[in-house]
Amino acid sequence: MESTTLIIGASGQIGIELTMALRQQHGAQAVIASDIRPTTDTELLQGPYEVLDVLDKEAISACIEKYNVREVYLLAALLSATAEKNPEFAWKLNMDGLFNVLELAREGKLDKIFWPSSIAVFGPTTPKEATPQHTVMEPTTVYGISKLAGERWCAYYHQRYGVDVRSIRYPGLIGYRSEPGGGTTDYAVDIFHKAIETGKYSCFLRSDTRLPMMMMEDAIRATISIMEAPADSIKERGGYNIAGCSFTPEELAAHIQVEIPEFEITYEPDFRQAIADSWPSSIDDTYAARDWGWKSKYDTALLSTTMLREIHKKKAPSTVTHH
Ligand code: SER
């Protein structure tokens, strides 16, 4: 049997788009999508789909055997805002899920693992501008603590057991294909939907909160290219900084107003403001550029026009059928 790739957490923000991109590249049968719940998503159902709990190591092992899986993308996790509401479960899900997959690789059942880290590994004592690859890391959120611990475990499994695990510190990811998934940066997804649907948005962050962001297409390209890079070019076995564009809610709103002049934004910061305040505002990604040729394509203006255009397109067919 041909070897396959397994995506755990395929229904999530990154998972759906990564499944589509990898199936495009390798064929639908070569990419096994899985998530904790059954799906009705027609894209995910274009190829094999399994209900899989990342906390059930035996079930993952059985799935690996069934499909001759050699590579895993482990995307199942609670994001920052959701994790703060349930720290104990977030820690369990984010860490035990990673351990299960790292152990399966140590046992020789996998050749390669992708595991996402995040800008949440940084904290209030980290330099905020052009945050370097190697710097002070004192995260204050349970999500950030789990990502930093996970990075160190990835590096440990690589150094001690030779496990080929690769990781990226994603900034806030902005895509039109999937729903926001409980992140602090997700205002910048929701804002586009609200702008088109109602012409108004109430933002849960202050107007001047600058955070590192990235168009989903860039993030998927980064993910596939770090996984395709020769093993010896991957010098960082924790997580790589990658940069897209940085913006504030106010700046993003101004971009939207170029196309929707009547768009109005108001600000009602909640508990997520403290999370955002602890994170960098921009990222230095020279290590990723040097080691595996990373370069982003989307600036804020292109991100904004792409989001508005694609969300419009998605809504257009249903408008037509209702008439
Ligand atoms: N976008 C994520 C979040 O806000 C950060 O990794 O939780």
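Small disclaimer: the values here were computed from a predicted structure and weren't measured. Position 1 is the first residue of the sequence, and the numbers go up from there.
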Can you tell me how far the [atom1] atom of [X] sits from the [atom2] atom of [Y], to the nearest 0.5 Å?
X    : Y    : atom1 : atom2 : value
D41  : T19  : CG    : OG1   : 9.0 Å
I283 : S296 : CD1   : OG    : 12.5 Å
E250 : L252 : CD    : CG    : 11.0 Å
M227 : I113 : CE    : CD1   : 8.5 Å
I220 : Q24  : CD1   : CD    : 12.5 Å
I242 : Q133 : CD1   : CD    : 11.0 Å

Between S80 and T141, do the side chains contain an N or O donor and an N or O acceptor separated by less than 3.5 Å?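 T141 and S80 do not have a side-chain donor-acceptor pair below 3.5 Å.
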
Do any pairs count as a salt bridge (charged side-chain N to carboxylate O under 4.0 Å, His left out) and have a residue in residues 271-290, sequence neighbours left out, and if so which ones?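 Those involving residues 271-290 are R206-D277, D270-R272.
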
Could [X] and [Y] be called an ion pair, given the rule that one side-chain N must be under 4.0 Å from one carboxylate O?
X    : Y    : result
K297 : E217 : no
K235 : D291 : no
E43  : R23  : no
E107 : K57  : yes

Which of K112, H158, R237 passes side-chain hydrogen bond (donor to acceptor under 3.5 Å, both in side chains) with D164? Answer is R237

May I have the step-by-step check of side chain to side chain contact (heavy atoms under 4.5 Å, CB included) for Q29 and E2, ending in yes or no? CA-CA 10 Å; Q29 297 308 314; E2 293 283 314; over 6 Å; no

Side chain to side chain contact (heavy atoms under 4.5 Å, CB included) for V101 and V165? Distances and angles first, verdict last. CA-CA 10 Å; V101 176; V165 52; over 6 Å; no

Distance-only, no hydrogens or angles: does the [X] side chain make a donor-acceptor pair with backbone N or O of [Y] under 3.5 Å?
X    : Y    : result
E138 : T126 : no
T198 : K194 : yes
N241 : P132 : yes
K147 : P116 : yes
K314 : Y176 : yes
D35  : A10  : yes
T131 : S282 : yes
D190 : P180 : no
S167 : G239 : no
R166 : A229 : yes

Same apolar cluster (I L V M F W Y, side chains within < 4.5 Å links), [X]/[Y]:
X    : Y    : answer
Y201 : L308 : yes
M216 : Y298 : no
Y143 : M214 : no
I16  : I14  : no
L93  : L52  : yes

Indicate the atoms forming the closest heavy-atom contact of [X] with [Y], along with that distance.
X    : Y    : value
L79  : D186 : CD1-OD2, 4.2 Å
M95  : G150 : CE-N, 3.9 Å
V163 : A105 : CG1-CB, 3.7 Å
P249 : Y187 : N-OH, 3.3 Å
V142 : A90  : CG1-CB, 4.4 Å

Listed once per pair and sorted, the side chain to side chain donor-acceptor pair (under 3.5 Å) pairs that draw on residues 222-232, sequence neighbours left out: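 Residue pairs with at least one partner in residues 222-232: Q25-E228, Y170-T223.
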
Hey, does [Y] have a side-chain heavy atom less than 4.5 Å from the side chain of [X]?
X    : Y    : value
S246 : S281 : no
Y67  : L6   : no
V72  : K109 : no
S304 : F192 : yes
T5   : H26  : no
S34  : I8   : yes
K315 : H193 : yes
V54  : I36  : no

K128 atom NZ, neighbour heavy-atom count above 12 within 6.0 Å: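 Counting neighbours around NZ of K128, more than 12 heavy atoms of other residues, nucleotides or ligands fall under 6.0 Å, so yes.
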
Hey, is CD on E310 packed in by over 12 heavy atoms from elsewhere, all under 6.0 Å?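 Count over threshold, so yes.
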
Could you check W153, W115, W91 and say which one makes a ring-ring contact (aromatic ring centres under 6.0 Å, His included) with F99? W153

Would you call the rings of Y156 and Y161 parallel, tilted or perpendicular if under 30° counts as parallel and over 60° as perpendicular? perpendicular

For Y240 and W292, I'd like to know if the aromatic rings sit close, meaning centre-to-centre distance below 6.0 Å. yes

Extract all donor-acceptor atom pairs below 3.5 Å that involve side chains of residues 253-268 and protein atoms in other chains or at least two apart in sequence.
{"residue": "Q257", "atom": "NE2", "partner": "F263", "partner atom": "O", "Å": "2.8"}
{"residue": "E268", "atom": "OE2", "partner": "S202", "partner atom": "OG", "Å": "3.0"}

Using side chain to side chain contact (heavy atoms under 4.5 Å, CB included), reason through I174 and V189 one step at a time and then give a plain yes or no. CA-CA 6 Å; I174 313 303; V189 178; 4.0 Å; yes

Determine whether T185 and L173 satisfy the following criterion, side chain to side chain contact (heavy atoms under 4.5 Å, CB included), listing intermediate values before the conclusion. CA-CA 8 Å; T185 53; L173 299 184; over 6 Å; no

